[in-house]
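Step one of this worksheet: look at the structure below.
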Amino acid sequence: MALLEGHKVSKSFGGVQALSQVDFAVEKGTIVGLIGPNGAGKTTLFNAVAGALKPTSGRVVFDEADITGFPANAVCRLGIARTFQVTRPFAAMTCIENVMVAVINRHPEKPRPLIESSAREKLSLVGLAEMGGVEARHLNVIQKKRLELARALATEPKLLMLDEVLGGLNTQEISQAVEFIRSLRDKLALTILWIEHVMGAIMKAAERVIVLDQGQVLMVGTPAEVVNDPRVIQAYLGE
């Protein structure tokens, strides 16, 4: 589905290298966790795949097509959507207007009634059916995360990249969110790449886990392999 080959990203300020020789594949239909300590390069990796950053070397391959350096809007239309750790709704627009923007990006030719219908469907899917007319600035943190997810889903992705969607949830809500995301994968035939610091949740949800440390892939394995690997324990979980 998505493959990073010899991937390197050097940030513009002083040539600081954020990722180096990052190689991994994400198989179609799987949920893959992406973990690592703060500053490991997880969000930089997301930005490179999604088109927000251009790698200085290596390739980004999606559905057997080289999309290295494609702009974010083109990447989105090809079927890659992402959420943000810090939600970024259009604050003065209603929830349904926020999602309609995403539908228009994917299908600019659609008539307005179909755009609005699709947006309402996505809001209902994430539990915001009654919030369509509410301006995004009035939502709480959890509702904004749901809106962010609705906007991503409205672009009809094949690969959905989630960036810490469980932040601010209690234990029961985390468990429900994990089941919901797994059901989304099955219902919509998604592939999911998921950055998460809630280790118990990602270990329960993911079939494979990628561990980043200091801009490099430390290991890739099953959840059981990852939590028992001494390198991961030292780099991420602590001694």
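- A81 approaches P157 most closely through the heavy-atom pair CB-CB, 3.7 Å.
- The main-chain N or O of R231 is never found under 3.5 Å from a side-chain atom of Q234 such that the two would form a donor-acceptor pair.
- Cluster note: F84 groups with no other residue, as no ILVMFWY side-chain heavy atom lies under 4.5 Å from it.
- Residues passing the side-chain hydrogen bond (donor to acceptor under 3.5 Å, both in side chains) test with E156 are H107, sequence neighbours excluded.
- The minimum heavy-atom distance linking V75 with A50 is given by the pair CB-O, 3.7 Å.
- Partner of L162 under the side-chain contact (heavy atoms from CB on, under 4.5 Å) criterion, chosen from I195, L149, L184: L149.
- Residue pairs meeting the side-chain hydrogen bond (donor to acceptor under 3.5 Å, both in side chains) criterion with at least one partner in residues 90-105, sequence neighbours excluded, are T94-E97, N98-R151.
- What you find for A48 and V60 is that their closest heavy atoms are O-CG2, 4.3 Å.
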Q: Decide salt bridge (Lys or Arg N to Asp or Glu O under 4.0 Å) for R182 and E207; before the verdict, give the C-alpha distance in whole Å, the side-chain angles of both, and the deciding distance to 0.1 Å.
A: CA-CA 11 Å; R182 293 176 71 175; E207 286 93 14; 5.8 Å; no
Can you give each donor-acceptor pair under 3.5 Å made by side-chain atoms of residues 210-217, sequence neighbours left out, with the distance rounded to 0.1 Å?
none

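- The existence of a salt bridge linking K145 and E164 is excluded, since no basic side-chain nitrogen approaches an acidic carboxylate oxygen closer than 4.0 Å.
- Across every non-hydrogen atom of C95 and L147, the tightest pair is O-CD1, 3.8 Å.
- Linking Ile, Leu, Val, Met, Phe, Trp and Tyr whenever their side-chain heavy atoms come within less than 4.5 Å puts L188 and L160 in one cluster.
- Residues F90, M93 make up the rest of the hydrophobic cluster containing V101, defined by ILVMFWY side-chain heavy atoms closer than 4.5 Å, directly or through other members.
- Ionic pairing of E196 and K42 is not present here: no N-O contact between side-chain nitrogen and carboxylate oxygen is shorter than 4.0 angstrom.
- Within the model, atoms CD1 of I96 and CG of L128 stand 11.5 Å from one another, a figure rounded to the nearest 0.5 Å.
- Within the structure, every pair that satisfies the side-chain hydrogen bond (donor to acceptor under 3.5 Å, both in side chains) test and touches residues 119-138, not counting sequence neighbours, is listed here: E116-R120, E135-R137.
- Of all the heavy atoms in F180 and V126, the pair that sits closest is CZ-CA, 4.1 Å.
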